[in-house]
Amino acid sequence: MRPAAAAALLCLLVPCACSQASNDRLASPVTIVGDAVPAPLEGRQGDAQRGQQVFTSRDSGHCLLCHQLAGLDAEFQGNVGPPLTGIGARLDAGQIRYRIIDAQTIWPDTVMPAYYRTDGLRQVGEAYRGAPALSAQEIEDLVAFLETQTD
């Protein structure tokens with residue numbers, strides 16, 4: 001087994017082993033349980049309508065750059081990442097949240113950015129260093145939107 005795969009497996013089997021390492025690099029502390037962050041970031045509630053805006057906006061998440069979502073009226077959906085159609089039926093909110101926060105902890109070789117990490121990043125412009133790519137509220141809005149994608 002490759003070292004990266006072994007580390008990812010360890011994070012899934014022994015959540016506390018990776019929780020501290022991940023928390024040192026995140027914008028605010030989270031509790032990681034298996035492959036999920038069950039509690040909303042900073043206790044915030046998400047709004048699905050705002051989450052759709054984050055999903056499609058070039059100024060925030062721009063998830064459509066890499067992902068497809070059937071039924072969404074948006075041109076030029078990407079194909080680098082997996083399709084997200086039905087994601088709300090496959091994953092719960094905590095699993096969706098963890099993948100947005102820092103998918104690289106789960107899959108070290110992924111190209112998906114770590115949207116809530118502030119440390120251990122490469123090629124970050126000086127003006128953006130030390131800040132997450134998405135705020136806690138934007139992530140919770142995005143989670144709320146993706147939870148609704150069950151078909």
Side-chain angles (χ1 to χ4, degrees), residues 4-5 7-74 76-121 124 128 130-151:
L9 181 60
L10 179 63
C11 282
L12 294 176
L13 297 176
V14 187
C16 59
C18 294
S19 296
Q20 185 56 44
S22 295
N23 272 329
D24 292 344
R25 299 170 10 160
L26 297 177
S28 66
V30 300
T31 299
I32 300 166
V33 179
D35 70 338
V37 174
L41 298 176
E42 300 176 3
R44 298 184 183 258
Q45 295 301 310
D47 177 270
Q49 287 182 328
R50 287 191 315 244
Q52 183 174 347
Q53 292 171 343
V54 172
F55 191 86
T56 59
S57 173
R58 291 188 68 189
D59 294 328
S60 44
H62 203 212
C63 306
L64 284 179
L65 182 65
C66 295
H67 299 282
Q68 295 177 15
L69 189 57
L72 187 63
D73 185 22
F76 308 115
Q77 296 189 32
N79 61 2
V80 174
L84 296 181
T85 302
I87 190 76
R90 295 190 307 272
L91 300 176
D92 66 32
Q95 291 170 310
I96 294 169
R97 184 176 296 109
Y98 192 20
R99 282 147 179 80
I100 297 168
I101 288 171
D102 191 0
Q104 295 170 0
T105 301
I106 300 169
W107 306 291
D109 295 331
T110 189
V111 296
M112 182 164 167
Y115 285 98
Y116 201 60
R117 225 171 65 203
T118 57
D119 191 33
L121 303 170
V124 177
Y128 300 102
L134 293 177
S135 70
Q137 186 63 62
E138 288 171 317
I139 290 173
E140 291 308 320
D141 293 341
L142 192 51
V143 169
F145 172 65
L146 292 173
E147 274 186 300
T148 69
Q149 305 306 304
T150 57
D151 296 330

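Worth knowing before you read on, the calculation uses all heavy atoms, side chains too, and leaves out hydrogens, waters and symmetry mates.
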Verify, without hydrogens or angle tests, whether [X] (side chain) and [Y] (backbone) share a donor-acceptor contact under 3.5 angstrom.
X	Y	value
R117	A133	no
R97	P38	yes
E140	D47	no

For [X] against [Y], the heavy-atom pair lying closest together:
X	Y	answer
P113	Q104	CA-NE2, 4.1 Å
A36	D92	CB-OD1, 4.5 Å
Q77	L72	NE2-O, 3.4 Å
T118	A131	CG2-C, 3.7 Å
R90	P83	NH2-O, 3.4 Å
T148	A144	CG2-O, 3.3 Å

Looking at [atom1] of [X] and [atom2] of [Y], how far apart are the two atoms once the value is rounded to the nearest 0.5 Å?
X	Y	atom1	atom2	answer
Q52	D141	CD	CG	12.0 Å
Y115	I100	OH	CD1	9.0 Å
W107	D102	CH2	CG	11.0 Å

(request) Report the residue from L41, V54, I101 that forms a side chain to side chain contact (heavy atoms under 4.5 Å, CB included) with L134. (result)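 Of the listed residues L41, V54, I101, the side chain to side chain contact (heavy atoms under 4.5 Å, CB included) partner of L134 is V54.
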(message) Applying side-chain contact (heavy atoms from CB on, under 4.5 Å) to R99 and D35, what does each step give before you reach the verdict?
(response) CA-CA 8 Å; R99 282 147 179 80; D35 70 338; 3.0 Å; yes
(request) Evaluate the side-chain contact (heavy atoms from CB on, under 4.5 Å) criterion for residues Y98 and T105: first the C-alpha distance (whole Å), next the side-chain angles of each, then the deciding distance (0.1 Å), finally the verdict. (result) CA-CA 9 Å; Y98 192 20; T105 301; 3.0 Å; yes
(request) Taking the side chain as every heavy atom from C-beta outward, state whether Q149 and L84 have any atom pair closer than 4.5 Å. (result)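 Contact flag for Q149/L84 side chains = no.
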(message) Which residues pass the salt bridge (charged side-chain N to carboxylate O under 4.0 Å, His left out) test with E138, not counting sequence neighbours?
(response) none
(request) Would you please name every residue forming a salt bridge (charged side-chain N to carboxylate O under 4.0 Å, His left out) with R44, sequence neighbours left out? (result)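 For R44, the residues satisfying salt bridge (charged side-chain N to carboxylate O under 4.0 Å, His left out) (neighbours in sequence not counted) are E42.
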Using atom types as modelled, flag every donor-acceptor pair under 3.5 Å from a side chain in residues 58-70 to any protein atom, sequence neighbours excluded.
unit_1	atom_1	unit_2	atom_2	d
H67	ND1	P82	O	2.7
Q68	NE2	G78	O	3.3

